[in-house]
J.: 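Next up is a structure, given as structure tokens.
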Amino acid sequence: MTTATATATATTDERALAKLQREHGPALLSFLVGLTYGDRQRAEDLLQETLLRAWQHPEAFDAPYESMRPWLFTVGRRLAIDARRSRLARPAEIGDGVLAATPDPSDVTDRAVAALDVRAAVRTLSPEHRAVLVQIYFQGRSVAEAARALGIPQGTVKSRSHHALRAMARSLPGYSRRPLASAA
């Protein structure tokens with residue numbers, strides 16, 4: 001058997017590992033809980049991985065220092081850093097609740113319902129307000145073009161569109177993206 005193979009298969013004695021865990025385990029766990037921002041389960045996983053590394057590297061016990069604590073804390077810190085980097089490298093996971101509440105983009109039902117709701121809300125507007133919204137939003141005209149087409153001043157177009165949108169937001173509360181500013 002070659003030296004490389006003997007080193008690769010050599011492990012730490014179980015009694016030495018148990019003693020190591022008794023002496024340094026609580027302090028190392030506390031340290032790792034701090035590194036994981038209070039996530040005890042992740043800290044316990046890192047502690048277990050750190051002790052596994054100690055088991056896989058019996059040569060660390062033969063090092064010239066008195067205590068294994070600095071070696072354990074260094075290994076634990078590096079494992080925590082690696083785990084954090086790997087979590088940040090992949091997209092964030094989302095829960096089932098978010099997926100259940102997210103509409104299916106291929107389902108046109110929600111868009112059709114929204115279109116019907118908007119049409120109903122537009123019908124509740126006065127003819128003047130409706131005409132301004134039709135010019136600006138449905139025909140894509142600027143304020144100046146809508147003013148010319150309707151034969152009213154630009155300021156009136158702006159005022160009517162503002163009031164019409166506020167009225168629609170009140171009649172479509174589930175569609176509002178931001179709360180309406182209070183009228184002064």
Side-chain angles (χ1 to χ4, degrees), residues 25-26 28-53 73-184:
L28 182 58
L29 179 61
S30 177
F31 174 69
L32 293 171
V33 166
L35 288 179
T36 58
Y37 303 104
D39 187 344
R40 188 168 178 85
Q41 183 177 0
R42 186 166 284 137
E44 288 173 353
D45 289 346
L46 291 170
L47 173 65
Q48 187 175 16
E49 183 66 28
T50 302
L51 292 173
L52 177 66
R53 299 286 170 96
F73 275 58
T74 300
V75 170
R77 184 178 62 80
R78 288 180 179 164
L79 288 170
I81 290 169
D82 290 347
R84 178 159 170 77
R85 284 180 181 159
S86 69
R87 277 192 317 279
L88 293 176
R90 66 177 194 226
E93 296 176 6
I94 56 174
D96 292 338
V98 174
L99 290 175
T102 304
D104 183 5
S106 63
D107 184 14
V108 296
T109 308
D110 288 336
R111 287 191 313 203
V113 168
L116 290 172
D117 290 344
V118 169
R119 285 185 180 137
V122 168
R123 280 194 296 269
T124 66
L125 297 174
S126 70
E128 295 83 12
H129 288 115
R130 190 176 324 120
V132 167
L133 290 186
V134 167
Q135 291 293 317
I136 292 174
Y137 291 100
F138 297 114
Q139 293 183 1
R141 293 188 174 157
S142 68
V143 171
E145 293 169 340
R148 276 194 302 275
L150 295 172
I152 56 176
Q154 290 182 26
T156 304
V157 170
K158 290 178 186 179
S159 175
R160 286 182 184 173
S161 68
H162 171 78
H163 290 291
L165 291 174
R166 286 180 61 91
M168 285 186 59
R170 281 190 298 273
S171 66
L172 297 169
Y175 294 98
S176 180
R177 293 184 185 224
R178 58 191 156 115
L180 292 172
S182 62

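The basis for the numbers below is simple: all heavy atoms, side chains too, and nothing from hydrogens, waters or symmetry mates. Keep in mind that this is a model prediction, so the values were computed, not measured.
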J.: How long is the gap from CZ on Arg85 to CG on Asp82, to the nearest 0.5 Å?
T.: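 Interatomic distance, Arg85 CZ to Asp82 CG, rounded to 0.5 Å: 6.5 Å.
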
J.: Taking side chain as C-beta onward, heavy atoms only, is Leu28 less than 4.5 Å from Thr50?
T.: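 In short, these two side chains touch, coming nearer than 4.5 Å.
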
J.: So do the side chains of Ile136 and Arg141 get within less than 4.5 Å of each other, counting heavy atoms only?
T.: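 Not in contact.
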
J.: So does Arg78 have more than 12 non-hydrogen atoms from other groups sitting under 6.0 Å from CZ?
T.: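 At most 12 heavy atoms, drawn from other residues, nucleotides or ligands, come within 6.0 Å of this atom.
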
J.: Nearest 0.5 Å, what's the CG-CD distance between Leu46 and Gln41?
T.: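 Atom-to-atom, Leu46:CG and Gln41:CD are 11.0 Å apart.
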
J.: Can you find a heavy atom in the side chain of Val75 that is under 4.5 Å from one in the side chain of Glu49?
T.: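 Not in contact.
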
J.: Keeping Thr36 on the side-chain end and Leu32 on the backbone end, is there a donor-acceptor pair under 3.5 Å?
T.: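 Confirmed, Thr36 side chain pairs with Leu32 backbone.
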
J.: What are the two closest heavy atoms between Leu125 and Ala167, and how far apart are they?
T.: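 In terms of heavy atoms, the two residues are closest at CD2-CB, 3.8 Å.
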
J.: Would a 4.5 Å heavy-atom cut-off, applied to side chains only, mark Gln154 and Thr156 as touching?
T.: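 No, every pair of side-chain atoms sits at 4.5 Å or beyond.
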
J.: Testing the basics here: between Ser171 and Ala121, what is the closest heavy-atom pair and its distance to 0.1 Å?
T.: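 Taking Ser171 first and Ala121 second, the nearest heavy atoms are OG-CB, 3.5 Å.
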
J.: Can you tell me if Arg130 uses its side chain to pair, donor with acceptor, with the backbone of Val122 under 3.5 Å?
T.: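 Confirmed, Arg130 side chain pairs with Val122 backbone.
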
J.: Any side-chain heavy-atom pair from Tyr137 and Leu165 closer than 4.5 angstrom?
T.: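 Contact flag for Tyr137/Leu165 side chains = yes.
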
J.: Rounded to the nearest 0.5 Å, how far apart are CZ of Arg77 and CZ of Phe31?
T.: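 One finds 6.5 Å between CZ of Arg77 and CZ of Phe31.
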
J.: With rounding to the nearest 0.5 Å, note down the distance linking CG in Leu35 to OG in Ser30.
T.: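 Atom-to-atom, Leu35:CG and Ser30:OG are 10.0 Å apart.
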
J.: Passes side-chain contact (heavy atoms from CB on, under 4.5 Å), Met168 versus His163? Steps please.
T.: CA-CA 9 Å; Met168 285 186 59; His163 290 291; over 6 Å; no

J.: Mind checking the CG-CG spacing from Leu47 to Leu79? Nearest 0.5 Å is all I need.
T.: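 Output value for this atom pair is 10.5 Å.
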
J.: Distance-only, no hydrogens or angles: does the Gln48 side chain make a donor-acceptor pair with backbone N or O of Asp45 under 3.5 Å?
T.: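 Here the side-chain-to-backbone pair does not exist.
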
J.: Say whether, by atom type as modelled, one donor and one acceptor occur between the side chain of Ser159 and the main chain of Gly155 under 3.5 angstrom.
T.: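 Not confirmed, Ser159 side chain does not pair with Gly155 backbone.
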
J.: If I take atom CZ from residue Arg123 and atom CZ from residue Arg119, how far apart are they, to the nearest 0.5 angstrom?
T.: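 With rounding to 0.5 Å, CZ (Arg123) is 8.0 Å from CZ (Arg119).
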
J.: Has the side chain of Arg160 got a donor or acceptor atom that lies under 3.5 Å from a matching backbone atom of His129?
T.: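 Answer holds: no.
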
J.: Check whether Ser161 reaches the backbone of Val157 with its side chain - one donor and one acceptor, N or O, closer than 3.5 Å.
T.: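 Flag set: sc Ser161 to bb Val157 pair under 3.5 Å.
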
